[in-house]
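Have a look at the structure below, then the notes.
Heavy atoms only: backbone and side chains are in, while hydrogens, waters and symmetry mates are out.
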Amino acid sequence: TQSISEIARVKNLNRLQIGKHEVDAWYFSPYPQEYAHLPVLYLCEFCLCYFGSPFMLSRHRKRCNLMHPPGNEIYRHEDLSFFELDGKRQLTWCRNLSLLSKCFLDHKTLYYDVTPFLYYVMCQRDSTGCHIIGYFSKEKESADSYNVACILTLPQHQRHGYGRLLIQFSYELSKKEGKLGSPEKPLSDLGLLGYRAYWAETIIDLLLTTSDDVSIDEIAQKTSITHADVMNTCTTLQFFKHYKGQHVICIPESVQERYKKSLEKRKRRIHPEYLKWKPPV
Ligand code: ACO
Ligand code: ZN
């Protein structure tokens, strides 16, 4: 059951304007009181500062010379770039990002304290700058070996394959660290759909391109997906078969067909050779 205060909270922000997009907020986000009840909040798409009117925003834009997220560009290929930000060093920017992303994340407590996290921000580059598409955050030290804390594709960019790129990127970082990783629980419904799709494809891809029998452990080591997530995916998709008294992994014909179809419409992937990054020490 929802309390009165929760119902009131849901109702605060209505719409957000970010760059050339205007989107509905889905959930409560703790923007300061004086902004909370405006019909539209106007965001600078580069510094993520927020304003009460288009006039205030345009005045800000004359002074704001940011054209990409602050921090290091650690990946660049075609028109996609990733920036790594430290919640401690780029405090204001990361706080603004948290406020923005809370508009689309319900189940998570918002991290008011951004300092324990690194932020990986995916942008599309054009002549006017690097436009934010989505991001994920990651604890600097995760006791539970989570490789993602929060993940988000901005609503105007969802269902275009960007979530998959963010997820792939998070596993590429884990591979460089030589670790297995999994997203922080609980996952949202959309988060679960996105991850299930990624795990299934990655495992199928590996199985179809290796000739030898592959064990759960080998799949985990090659993909940085945890044993539990590999097991779960293989069980759900009914990859385990009994054969001459042994368990073998085999992909049903129908799943192979579906996989090939979805691969055909896939335009992009992350190319690890363009990732210029070493695990922070
Ligand atoms: N309905 C059905 N399947 C979906 C949907 C949907 N609305 N969205 C994603 N999927 C599945 C599909 O299988 C899809 O592949 P397909 O389009 O080829 O069928 C696959 O996920 C990947 O889709 P993408 O387009 O790559 O994902 P998207 O860019 O939309 O991002 C994300 C997915 C990040 C979960 C996005 O929905 C989002 O930001 N949601 C709001 C915030 C959120 O819930 N984040 C996760 C919280 S959990 C956590 O942070 C650890
Ligand atoms: Zn700005």
Side-chain angles (χ1 to χ4, degrees), residues 18 26-32 43-50 66 68-75 80-123 130 132-155 157 162-188 190-192 194-195 198 224-226 229 270 275-281:
I18 317 160
W26 299 355
Y27 305 110
F28 167 80
S29 180
Y31 280 103
L43 268 67
C44 170
E45 64 164 324
F46 297 112
C47 69
L48 306 183
C49 285
Y50 39 90
L66 216 54
H68 57 76
N72 297 327
E73 188 178 9
I74 59 170
Y75 178 92
L80 281 187
S81 287
F82 275 80
F83 292 84
E84 182 185 54
L85 284 74
D86 183 327
K88 195 166 178 183
R89 291 173 60 193
Q90 284 93 22
L91 187 80
T92 306
W93 202 95
C94 295
R95 279 192 180 144
N96 286 341
L97 178 65
S98 290
L99 284 170
L100 170 60
S101 66
K102 181 64 193 74
C103 294
F104 313 105
L105 282 158
D106 185 33
H107 67 298
K108 296 248 172 192
T109 40
L110 174 68
Y111 300 106
Y112 295 95
D113 185 7
V114 296
T115 58
F117 297 94
L118 293 168
Y119 293 82
Y120 297 91
V121 183
M122 183 170 71
C123 296
C130 291
I132 177 169
I133 291 182
Y135 85 102
F136 63 89
S137 57
K138 177 173 180 166
E139 279 175 287
K140 291 172 187 171
E141 306 272 350
S142 172
D144 306 290
S145 68
Y146 291 138
N147 64 355
V148 164
C150 274
I151 185 163
L152 170 81
T153 302
L154 287 172
H157 300 299
Y162 291 117
R164 195 183 311 267
L165 295 178
L166 288 167
I167 295 172
Q168 192 198 338
F169 199 86
S170 73
Y171 283 104
E172 295 302 340
L173 296 185
S174 293
K175 287 181 200 169
K176 287 236 172 184
E177 292 171 326
K179 289 182 185 167
L180 310 183
S182 187
E184 192 179 300
K185 311 303 172 308
L187 291 172
S188 65
L190 287 172
L192 190 60
Y195 270 96
Y198 176 80
S224 275
I225 301 171
T226 60
D229 293 335
I270 298 297
L275 172 60
K276 303 282 178 271
W277 184 81
K278 282 204 187 81
V281 275

In this structure, which one of Phe136, Phe83, Tyr135 forms a ring pair (Phe, Tyr, Trp, His ring centres under 6.0 Å) with Tyr120?
Phe136
Scanning both residues in full, the closest heavy-atom pair of Pro183 with Tyr171 reads CD-OH, 4.0 Å
Any Pro30 side-chain heavy atom under 4.5 Å of Lys102 side chain:
yes
What distance do Leu97 atom CG and Phe117 atom CZ have between them, rounded to the nearest 0.5 Å?
12.0 Å
Separation between CD of Glu45 and SG of Cys130, rounded to the nearest 0.5 Å:
10.0 Å
With a 3.5 Å distance limit and no angle check, can you tell me whether Asp113 reaches the backbone of Thr115 through a side-chain donor-acceptor pair?
yes
Should the heavy atoms of other residues, nucleotides or ligands under 6.0 Å from NZ of Lys140 be counted, would the total exceed 12?
yes
State whether the side chain of Gln90 and the backbone N or O of Leu85 hold a donor-acceptor pair below 3.5 Å, judged by distance alone.
no
Does the pair Leu100 and Leu154 meet the rule for a side-chain contact (heavy atoms from CB on, under 4.5 Å), with working shown?
CA-CA 9 Å; Leu100 170 60; Leu154 287 172; 4.0 Å; yes
dist His157:NE2 -> Met122:CE (nearest 0.5 Å) comes out at 9.0 Å
So do the side chains of Trp277 and Leu173 get within less than 4.5 Å of each other, counting heavy atoms only?
yes
Heavy-atom check, side chain of Asn96 versus side chain of Leu43, under 4.5 Å:
no
Take Phe169 and Leu80, measure what side-chain contact (heavy atoms from CB on, under 4.5 Å) needs, and give me the verdict at the end.
CA-CA 12 Å; Phe169 199 86; Leu80 281 187; over 6 Å; no
Can you measure from CG (Leu275) to NZ (Lys175) and round to the nearest 0.5 angstrom?
10.5 Å
So do the side chains of Ser174 and Leu180 get within less than 4.5 Å of each other, counting heavy atoms only?
no
Ring-plane angle category for Tyr50 and Tyr31, please: parallel below 30°, perpendicular beyond 60°, tilted otherwise.
perpendicular
Do you know the tightest heavy-atom contact between Gly181 and Asp229?
O-OD2, 4.4 Å
Answer yes or no: are there more than 12 heavy-atom neighbours, outside Lys88 itself, under 6.0 Å from its atom NZ?
no
Stepwise side-chain contact (heavy atoms from CB on, under 4.5 Å) check, Asn147 with Lys179:
CA-CA 9 Å; Asn147 64 355; Lys179 289 182 185 167; over 6 Å; no
Between Tyr75 and Phe82, what is the ring plane arrangement, given parallel below 30°, perpendicular above 60°, and tilted in between?
perpendicular
Taking C-beta and beyond as the side chain, do Tyr27 and Leu105 meet within less than 4.5 Å on heavy atoms?
no
Between Tyr119 and Ser98, does the side-chain contact (heavy atoms from CB on, under 4.5 Å) criterion hold? Intermediate values first, please.
CA-CA 10 Å; Tyr119 293 82; Ser98 290; 4.0 Å; yes
Please round to the nearest 0.5 Å and tell me the distance separating atom OG of Ser137 and atom CD of Glu184.
7.5 Å
Out of curiosity, Cys94 SG to Asp86 CG, how far, rounded to the nearest 0.5 Å?
7.5 Å
